[in-house]
Amino acid sequence: MNFGDKEFNDLLKTTDANFNWGVSSSALQTEGSYNSEGKGLSIWDVFSKQKKKINNGHHPYVATDFYNNYKTDIDLIAELKIPNFRTSISWPRIFPAGNGKINQEGVDFYNRMFDYCLAKNITPWITLYHWDLPYKLEQNGGWKNREIVNHFIDYVAMCADLFGDRIKNWMVLNEPIVFTGAGYFLGVHAPGKKGLKNFLPALHHAAICQAQGIRVLKSQLKNSNVGTTFSFSHIESYSQKEKDIKAALKADALVNKLFIEPLLGQGYPFKEIPFLQSIENYMIAGDEKLLHEVPDFVGVQNYTKEVVKHSFFTPYLNAKIIPATKRKVPTTTMQWEIFPESIYRILKKVADYKLVKSIVVTENGASFADEIVNGKINDHQRIHFLKNYLSMCLKAKSEGVPLDGYFVWSATDNFEWAEGYYPKFGLIHVDFETQKRIIKESGFWYKNLITQSAKNKHEIL
Ligand code: IFM
């Protein structure tokens, strides 16, 4: 479905004084300075050194050099009148070994950066874990080792102490199904571990940490707004055959329920995913309770939908994804299907959970091959994408979904994990040779939209 200007403008009127417009980013994908000023190595710094792990042998050691360029980028975000900026704290920059001694130079960087945001009237929204685990902890089993829970609690408590006077909006984990699934089951993300024996303990410890993290922040910071984020995709069955429908239900539970349901007190979705039952080998008495904590908001991250078919040969799940390229549907350069309705369906489903009080779309965006013509980037495909996805979000909001914000992924082009630098998601283009920035047309489009929304707000008041 494509939305016309009138429809879009009408939907935009559903945004009010409290709606949070923003852009998202993360430490590892932008900061660079991977081993300077006392920072410890992260699992991604080490993974990137291994052969054939990252497309084209790329690495995040310099990235967008946000560590040194943060003022430039925050100035550009301010120029675009974007009031909220989501990024993450690099755990190994604060605790080079993951625990123990603090690295004051790392703390100073975040103090400088947060203060600069606030001076520019930009509210920082901070994720505590966006995949860059301290390598020292990985050497001790990483997410597989239950000791991580205590290290994580100490790290969260320290961040609350250090930055809680200025940071109100927190997200505990970024997309736990992705960092446990890709990093500890498929082995395609850091730390490159495979199989159920790695995945299940990693999953369980991450699920405990997401609840514990919320508890720690809420108890230390009384006026905070604490959430955690999930990667959700709308799942469709390839056909109406019973076995495909069953496969799609399993995939849906794995992608869309595995982390949110225990957090909301519903436990793991054992019924839909029987092989998950072995997670009980890693559970101890009292864990069910430990997994449950109600966040102030749920961070929804959506890009696409998946079509799923029964597969005899796929171990455990007996389900496989039919790639968008095979189905000959429109895609982004990541070969993800462009399907705006996905975000609408997801928002409706998340809003159906009784304990969900507020939802923020903490990521939505698209990678396209941008072209510089006469110093400008007219990324009309990205504008079209954002407009249609955002319309779907606002449609859900107009139907009662408690949607309180929308963040575009991403502020600038950056390091896209195992894909390296070829996917461009930014509203701001980065030349990785010169570190020169150019605001894309989509950036100006977003600025206009935010300005228009502020006027609506004025009319409503
Ligand atoms: O770049 C990532 C981000 O780190 C997590 N969510 C999806 C984005 C695009 O792949």
Side-chain angles (χ1 to χ4, degrees), residues 22-32 42-45 47-48 54-55 58-60 63-64 66 73 85-91 125-133 171-183 186 188-190 206 210 227-234 255-256 259-260 298-306 321 323-324 331-339 342-343 346 360-370 379 382 385-386 389 406-430 432 442:
V23 273
S24 279
S25 156
S26 87
L28 185 114
Q29 293 175 274
T30 58
E31 283 176 8
S42 76
I43 51 173
W44 276 92
D45 299 323
F47 189 66
S48 305
I54 315 284
N55 210 357
H58 288 169
H59 56 69
T64 68
F66 182 74
D73 289 343
F85 173 47
R86 169 180 175 239
T87 189
S88 66
I89 292 175
S90 157
W91 185 351
W125 290 55
I126 297 306
T127 313
L128 285 159
Y129 185 75
H130 200 126
W131 309 355
D132 45 355
L133 186 73
M171 287 136 289
V172 176
L173 300 182
N174 186 72
E175 301 179 352
I177 184 59
V178 181
F179 75 77
T180 56
L186 300 172
V188 294
H189 274 193
Q210 82 178 346
T228 190
T229 79
F230 304 91
S231 152
F232 293 118
S233 291
H234 170 59
V255 174
N256 296 323
F259 280 90
I260 194 170
V298 169
V300 165
Q301 316 202 150
N302 171 260
Y303 292 84
T304 189
K305 83 158 190 232
E306 302 293 356
I321 285 176
T331 66
T332 65
T333 56
M334 295 278 281
Q335 306 193 327
W336 293 348
E337 179 175 357
I338 301 172
F339 188 73
S342 176
I343 205 161
I346 293 294
V360 176
V361 171
T362 37
E363 284 184 22
N364 173 236
S367 75
F368 288 110
D370 298 323
D379 55 337
R382 183 172 293 103
F385 179 102
L386 292 173
Y389 272 71
Y406 174 89
F407 286 61
V408 174
W409 182 270
S410 181
T412 58
D413 294 338
N414 58 44
F415 176 74
E416 179 56 27
W417 310 107
E419 305 301 325
Y421 290 96
Y422 90 81
K424 314 279 182 210
F425 277 93
L427 296 180
I428 300 165
H429 165 86
V430 176
F432 291 101
S442 57

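Quantities reported herein were computed from a predicted structural model and do not represent experimental measurements. As the structure lists them, so they are numbered: ligands from 1, and atoms in each ligand from 1. Numbering starts at 1 and runs along the sequence shown.
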**Request:** Would you please say whether a donor-acceptor pair under 3.5 Å links the side chains of Glu337 and Thr304?
**Result:**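 The criterion, which ignores hydrogens and geometry beyond distance, is not satisfied for Thr304 and Glu337.
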
Under 4.0 Å from a heavy atom of [X]: which atoms of ligand 1 are those, numbered in the order shown and with their elements?
X      : answer
Tyr303 : 6 (N), 7 (C), 8 (C), 9 (C)
His130 : 3 (C), 4 (O), 5 (C)
Glu363 : 3 (C), 5 (C), 6 (N), 7 (C), 8 (C)

**Asked** Any idea how Trp417 and His189 line up, ring-wise: parallel (<30°), tilted (30 to 60°), or perpendicular (>60°)?
**Response**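 It falls in the tilted class, 30° to 60°.
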
**Prompt:** Glu363: what forms a salt bridge (charged side-chain N to carboxylate O under 4.0 Å, His left out) with it, not counting sequence neighbours?
**Reply:**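 Scan of Glu363 (salt bridge (charged side-chain N to carboxylate O under 4.0 Å, His left out), adjacent residues dropped) gives Arg86.
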
**Message:** Checking Asp45 now: which residues fulfil salt bridge (charged side-chain N to carboxylate O under 4.0 Å, His left out) with it, not counting sequence neighbours?
**Reply:**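 Partners of Asp45 by the salt bridge (charged side-chain N to carboxylate O under 4.0 Å, His left out) criterion, ordered by chain and then number, come out as Lys39.
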
**Message:** Is the shortest side-chain heavy-atom distance between Phe47 and Ile54 below 4.5 Å?
**Reply:**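 Heavy-atom side-chain distance check passes, below 4.5 Å.
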
**Asked** Does at least one non-hydrogen atom of Asn174 fall below 4.0 angstrom from an atom of ligand 1?
**Response**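 A heavy atom of Asn174 does come that close to ligand 1.
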
**Request:** Give a yes/no verdict on whether any heavy atom in Trp336 is under 4.0 Å from an atom of ligand 1.
**Result:**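 Per 4.0 Å heavy-atom rule, Trp336 contacts ligand 1.
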
**Asked** Of the protein's non-hydrogen atoms, which lies at the shortest distance from atom 10 (O) of ligand 1, and what is that distance?
**Response**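 Result: Glu416 OE2, 2.5 Å.
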
